[in-house]
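Reading through the structure tokens given below for one structure.
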Amino acid sequence: MTQASSPTPSSSFSTAPGLAQLLGGELAAIDRAGLRRALRRIESAQEPVVEIDGREVLLFCSNNYLGLANHPEVVAAAVSATERYGASAVSSRLISGHMSAHADLEDRLAAWKRTEAALVFSTGYQANLGTITSLVGRGDVVVSDELNHASLIDGARLSRADITVFRHNDTAHLEEILRDLDNRGASPTALAGSSDTGAARRPRVLVVTESVFSMDGDHAPLADIARLTERYGAWLMVDEAHAAGVFGPAGAGLVAELGLTDRVDVHVGTLGKALGSFGAYVAGSRVLIDLLINRARAFIFTTGLPPATAAAAQAALEVVAREPERAAGLLRRARDLGAELGAAGLRVPHMESQILPILVGEASDTVAAAEALLARGIYVAAIRPPTVPAGTSRLRLSLMATHTDEQIARTVAAIRECVPGATTVR
Ligand SMILES: *Cc1c(COP(=O)(O)O)cnc(C)c1O
């Protein structure tokens, strides 16, 4: 074909706005709404004091709750596993990427959680996607707390199950939903009874909640939720991302602390927060874990965790088990800090964990307070819509066991100066 006989290029293509123009417009809209976010570069380890733009800043928004990310034993385990196994698992776990470091960690995790078995995923995000999509599908129902983490929401959406949301920690609402589903004939019999034969089966109901919620650090009413899931024959999945390492015997989580281990079908937690490493686990029955190995696409189609990461997580579990005072001290100081902020006239609706919310109200006031704090060398998170409802924007303080009393006192003083509504120190 000659140039002349070929159809002229469609003018709608040639005049269509390019990628830079379109995305630039979208970014400008995000900017105008005051919602533009950017990365902030941390130039040192996740210690209470970090370096940002060459300046020392007190860090109050890290998940390094127990200071384990740079604990000498955890770092040494990572170094020695790297020397022994190399820098990467290089392959999917189901091909050649399942290494002793993974197997040892999974044995340790199952013993720690007191479950039959455990499986490590590359991230908590993937663990939730892979698990929910393996357990439920079209025609089933995921019943989800309204404040559940994005990874739980995305997993439920990807599963194609129907999603029903219950009001945050509202067990009366949860019961209403479960009773309604039960009347419609939706509820599973036993987890082991899943069938791949395509035969018609009763729709499954999977109730999903966090144990310690990431935004406010408040606790789910797990005993009541477990009673309801049992009564209505639903399965229960609990994400302990912010509880693992901090609550329970040897840091095994809030479910373990409440003695509910055997009443939760699917236990999830991350190794990348209090445990100072990376990756995540699912723990439960052997049949659950074997099913995930066979069906969870987020496990199957991804490279295994680096051996150094697995070894670091295992070392962190040893430190947590040996030094329960780390978590106990963290929670005690968080309660003290919450009480002190409350006494200063601030609204701290929850002080049940190492995460302390300070309610401010308007998004712009919250961002201004966070900026004023950063100007004073204190880095806290500003949480605003759509993460929380309009008018309930808040600062979120994440305490670390390694913060000193002096650092906490300095932060309280700065908060009293920067957050509207606080009584100022004279
Ligand atoms: C952080 C978090 C995750 C994701 O875990 P990653 O290992 O960081 O991917 C999942 N669920 C909850 C509740 C979380 O807070």
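One-based numbering, in listed order, for ligands and for the atoms of each.
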Between Phe213 and His168 (judged by ring centroids, cut-off 6.0 Å), do the two rings come close enough to count as a pair?
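Distance test on ring centres: under 6.0 Å, yes.
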State whether the side chain of Gln354 and the backbone N or O of Ala334 hold a donor-acceptor pair below 3.5 Å, judged by distance alone.
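The answer is no, because no donor-acceptor pair under 3.5 Å joins these two groups.
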His350 (side chain) donor-acceptor with Asp216 (main chain) under 3.5 angstrom:
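Between the backbone of Asp216 and the side chain of His350 there is no qualifying donor-acceptor contact (under 3.5 Å).
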Carboxylate-amine/guanidinium proximity below 4.0 Å for Arg108 and Asp104:
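Here Arg108 does not pair with Asp104 in a salt bridge, since their nearest N and O are not under 4.0 Å apart.
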With heavy atoms only and a cut-off of under 4.0 Å, state how [X] meets ligand 1: side chain, backbone, both or neither.
X	result
Asp239	side chain
Ser151	side chain
Asn128	side chain

With a cut-off of 4.0 Å, which atoms of ligand 1 are near a heavy atom of [X]?
X	result
Tyr125	4 (C), 5 (O), 6 (P), 9 (O)
Glu210	13 (C)
Ala241	2 (C), 11 (N), 12 (C), 13 (C), 14 (C), 15 (O)

Heteroatom proximity flag, Thr270 to ligand 1, N/O under 3.5 Å:
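The answer is yes, given that Thr270 and ligand 1 share an N or O pair closer than 3.5 Å.
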Do ligand 1 and Gly124 have nitrogen or oxygen atoms that lie under 3.5 Å from each other?
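The answer is yes, given that Gly124 and ligand 1 share an N or O pair closer than 3.5 Å.
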Partner of Met237 by side chain to side chain contact (heavy atoms under 4.5 Å, CB included), out of Leu206, Val136, Val207, Val142
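When Leu206, Val136, Val207, Val142 are each tested with Met237, the side chain to side chain contact (heavy atoms under 4.5 Å, CB included) holds only for Leu206.
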Best match, Gln126, Lys273, His242: closest heavy atom to atom 14 (C) of ligand 1:
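Comparing heavy atoms across Gln126, Lys273, His242, the nearest one to atom 14 (C) of ligand 1 lies in Lys273.
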On the 0 to 90° scale, with breaks at 30° and 60°, tag the Tyr281-Trp112 ring pair as parallel, tilted or perpendicular.
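It falls in the perpendicular class, over 60°.
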Cut-off 3.5 Å, side chains only: do Asn64 and Asn70 have a donor facing an acceptor?
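Asn64 vs Asn70: donor-acceptor pair found between side chains.
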